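Treat the numbers as computed from the prediction; the structure is a model and nothing was measured. For the numbers below, each heavy atom of this structure counts, side chains included, while hydrogens, waters and symmetry mates do not.
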Amino acid sequence: MVRFSSSGNSDLRKRKAGDFGVANLVLRKAIIVIPLLLIVVGLIQGCFFVVQTRTVAMNNNSADQLIEDLISWLQSNGAFIDERISIRHVDPTDPTSIRGMFADHGSFDAGETMIIIPDALIYDGRVNEAKKNADKVWMDKKHGDCATTYEIHDAMLTGSTPYGRYLAHQPHRYVPGYFSSEGRELLRKILGKNLPDQHAVEDSVKIDWLDWCTGATSDELEVHAAMLVTARADGRLMVPYYDMINHRNGRWQNAQHHRSKNKEFALITNQKVEKGEQFYLSYDTCKICGSRLDSWGTPEMFRGYGFVEPFPQRYLIDSARLKFALDEKKSALETSKRHVDKVGNNSELVVKWYVPPSQAGLDFLQMELNRLQELGTRKDVLKGNPQAVTDSEWNAIWTYHQALVVAFTTALKHAPAEQISDEVWSMGKKWYNDLSGDDMLHRFY
């Protein structure tokens with residue numbers, strides 16, 4: 001139930017990057033250009049973002065008021081939120097689109113502090129290590145984020161703070177492990193026996209909440225609290241306002257988080273952000289993301305957060321020893337060695353292979369692509385009881401299905417024939433680790 005751990009020891013009251021030790025992430029260019037199917041253009045601007053529902057409240061008017069109340073409460077209690085920032089719908093013309101954090105009222109230079117949230121306003125579970133509810137004592141003996149779950153549960157139940165009221169109005173059960181049993185069964189059919197992430201179909205209510213956290217009941221508000229910590233916490237920390245920033249990797253990532261010695265929590269820009277641009281944070285390729293740096297990708301993001309990340313995307317399939325990434329082409333400055341296929345408005349994708357694929361791996365990819373395409377022809381049959389799988393579950397699952405189809409199709413079309421090799425099968429259990437080590441200039445995209 002973690003996003004990633006915080007670290008750092010600077011004084012956050014200064015507002016330049018040098019005070020925080022923030023380094024820009026310079027990401028490696030990809031190596032093969034492929035066509036972006038026309039349908040994908042719509043998905044990038046629509047479905048990929050529609051299912052990223054972390055910051056969408058049930059009613060737009062009440063959601064806007066809850067956000068305003070939250071900001072006022074934070075600022076009146078010592079938080080700093082730069083006046084150039086706004087929280088709004090990603091598509092201002094579409095009230096159903098998700099919300100994001102934008103530089104709507106001015107540009108930012110690299111190294112500017114966007115927000116500072118004092119420790120006293122962060123929910124970390126420290127005051128609730130033992131809690132009694134429903135005649136059962138909750139003890140956070142195993143993992144700190146369980147206590148945080150108890151704390152935000154009580155904040156939502158009582159409505160004692162604007163943050164508790166804001167969280168209570170967030171969508172329920174959008175992380176796959178919290179889907180209905182019918183929704184998880186449909187996802188199981190999409191994944192089959194071999195596609196990642198197989199943990200996505202596990203019952204998180206039982207495993208993470210009732211068993212691991214010794215939750216009192218499976219009451220919906222308790223389940224909602226457990227899911228929110230899974231999807232929004234930074235380690236064991238639920239940080240108001242900070243948890244509204246959306247995820248995107250590669251050149252889009254323009255913000256980085258930091259925690260000081262006195263435990264204040266900040267967001268800092270790591271590149272110039274123009275007026276009107278959205279702020280993005282990486283949930284899996286940050287400098288302190290640990291093992292996620294090498295082992296997480298689009299499937300793990302879907303399992304952990306309930307959305308299909310926009311490009312760039314990364315896929316790691318351990319059973320077939322395949323690891324590759326897809327990204328939109330940055331510019332027309334490409335070498336003649338690259339495959340360049342243009343579709344529509346010069347829409348292109350770039351593919352990067354982290355290790356040379358084997359023929360067995362490519363055969364696996366083709367087999368799974370055939371299976372996924374066949375499943376796509378039977379969508380109506382697969383839904384079964386239309387009342388059992390919710391619309392949000394249905395849309396999220398089939399958006400993930402489409403992402404897999406696009407990724408596998410394009411990877412196969414432009415697999416590097418001259419590099420196909422069985423070497424990957426002799427590389428050991430950690431074959432997928434990035435050989436560039438800690439050199440962030442040569443990691444990922």
Side-chain angles (χ1 to χ4, degrees), residues 1-10 12 20-22 25 52-55 70 74 79-81 85 87 99-101 113-128 140 142-153 155-156 161 163-164 166-167 170 174-175 204 208 212-213 224-249 253-270 279-293 296 300-301 303-307 309:
M1 299 170 71
V2 296
R3 181 178 299 171
F4 42 77
S5 300
S6 305
S7 67
N9 54 16
S10 299
L12 294 182
F20 299 95
V22 177
L25 297 181
Q52 190 177 354
T53 55
R54 295 185 306 106
T55 54
L70 174 59
L74 290 169
F80 166 74
I81 300 173
I85 299 175
I87 302 295
R99 287 177 170 82
M101 191 179 295
T113 301
M114 300 160 54
I115 68 171
I116 302 173
I117 307 298
D119 181 55
L121 301 179
I122 296 172
Y123 287 69
D124 57 10
R126 287 178 297 182
V127 299
N128 280 327
D140 188 21
K142 299 178 179 178
H143 203 288
D145 57 17
C146 296
T148 305
T149 302
Y150 312 147
E151 188 175 11
I152 66 166
H153 168 270
M156 292 190 295
T161 67
Y163 190 46
Y166 167 79
L167 291 175
Q170 296 309 297
Y174 59 82
V175 174
S204 293
D208 291 343
W212 181 252
C213 287
H224 185 49
M227 188 208 69
L228 287 173
V229 172
T230 296
R232 302 177 75 102
D234 191 289
R236 67 182 287 166
L237 308 179
M238 289 287 287
V239 185
Y241 196 86
Y242 159 79
D243 62 2
M244 296 183 190
I245 189 169
N246 288 322
H247 159 86
R248 197 165 188 181
N249 280 322
Q253 183 196 346
N254 52 20
Q256 186 167 317
H257 83 303
H258 184 86
R259 204 172 188 208
S260 67
K261 284 183 177 179
N262 59 2
K263 299 183 179 180
E264 290 177 322
F265 205 101
L267 276 175
I268 308 127
T269 57
N270 60 16
F279 293 105
Y280 291 105
L281 191 71
S282 174
Y283 297 176
D284 63 344
T285 66
C286 60
K287 295 180 70 174
I288 56 172
C289 284
S291 63
R292 292 189 180 193
L293 283 168
W296 271 52
E300 290 74 25
M301 292 296 299
R303 183 255 297 170
Y305 301 105
F307 62 84
E309 63 180 337

Student: Are the side chains of Gln253 and Thr285 in touch, meaning some heavy atoms are under 4.5 Å apart?
Tutor: yes
Student: Say you draw a straight line from CD1 of Ile81 to OG1 of Thr113; how long is it, rounded to the nearest 0.5 Å?
Tutor: 13.0 Å
Student: Any chance you could measure Ile116, atom CD1, to Phe265, atom CZ, to the nearest 0.5 Å?
Tutor: 12.5 Å
Student: Working to the nearest 0.5 angstrom, can you tell me the gap between Tyr163 OH and Leu70 CG?
Tutor: 8.0 Å
Student: Where is the tightest heavy-atom contact between Pro118 and Ala79, given as atom of each residue plus distance?
Tutor: CD-CA, 3.6 Å
Student: Judged by atom type as modelled, is there a donor-acceptor pair below 3.5 Å linking the side chain of Ser282 to the main-chain atoms of Asp284?
Tutor: yes
Student: Taking the side chain as every heavy atom from C-beta outward, state whether Asn246 and Phe307 have any atom pair closer than 4.5 Å.
Tutor: no
Student: Let me confirm one number: the CD1-CD1 distance from Ile245 to Ile115, rounded to the nearest 0.5 Å.
Tutor: 7.5 Å
Student: Within a strict 4.5 Å, meaning less than it, do heavy atoms of the Glu264 and Phe80 side chains meet?
Tutor: no
Student: Between Met238 and Val229, what is the shortest heavy-atom contact and its length?
Tutor: SD-CA, 4.1 Å
Student: For a 4.5 angstrom cut-off between non-hydrogen side-chain atoms, does Arg303 reach Trp296?
Tutor: yes
Student: Check for a donor-acceptor pair, side chain of Asp124 on one end and backbone N or O of Leu237 on the other, with a separation under 3.5 Å.
Tutor: no
Student: Drop me the distance from Arg236's CZ to Thr148's OG1, to the nearest 0.5 angstrom.
Tutor: 5.0 Å
Student: Taking all non-hydrogen atoms of both residues into account, name the closest pair between Cys146 and Trp212 and its distance.
Tutor: SG-CD1, 3.7 Å
Student: Any chance you could measure Asp119, atom CG, to Arg259, atom CZ, to the nearest 0.5 Å?
Tutor: 5.0 Å
Student: Where do Tyr174 and Ala231 come nearest, in terms of heavy atoms and distance?
Tutor: OH-CB, 3.7 Å
Student: Sub-3.5 Å donor-acceptor pair from the side chain of His224 to the main-chain atoms of Leu167, do we have one?
Tutor: yes
Student: With Val239 as reference, evaluate Leu121, Ile117, Leu267 under the side chain to side chain contact (heavy atoms under 4.5 Å, CB included) test and give the passing residue.
Tutor: Ile117
Student: Before accepting this row, confirm whether a basic side-chain N of the pair Asp243/Arg232 lies closer than 4.0 Å to the acidic partner's carboxylate O.
Tutor: yes
Student: Between Leu74 and Pro240, what is the shortest heavy-atom contact and its length?
Tutor: CD2-CB, 3.7 Å
Student: Going by the rule ring pair (Phe, Tyr, Trp, His ring centres under 6.0 Å), which residues pair with Phe279 if we only count those two or more places apart in sequence or in a different chain?
Tutor: Phe108
Student: With a 4.5 Å heavy-atom cut-off, do Ile85 and Met244 have their side chains touching?
Tutor: no
Student: Taking side chain as C-beta onward, heavy atoms only, is Tyr242 less than 4.5 Å from His257?
Tutor: yes
Student: For Tyr123, what residues pass the side chain to side chain donor-acceptor pair (under 3.5 Å) criterion, not counting sequence neighbours?
Tutor: Thr161
Student: Please find the pair of heavy atoms, one from Gly125 and one from Glu151, that lie closest to each other, and give the distance.
Tutor: N-OE1, 2.6 Å
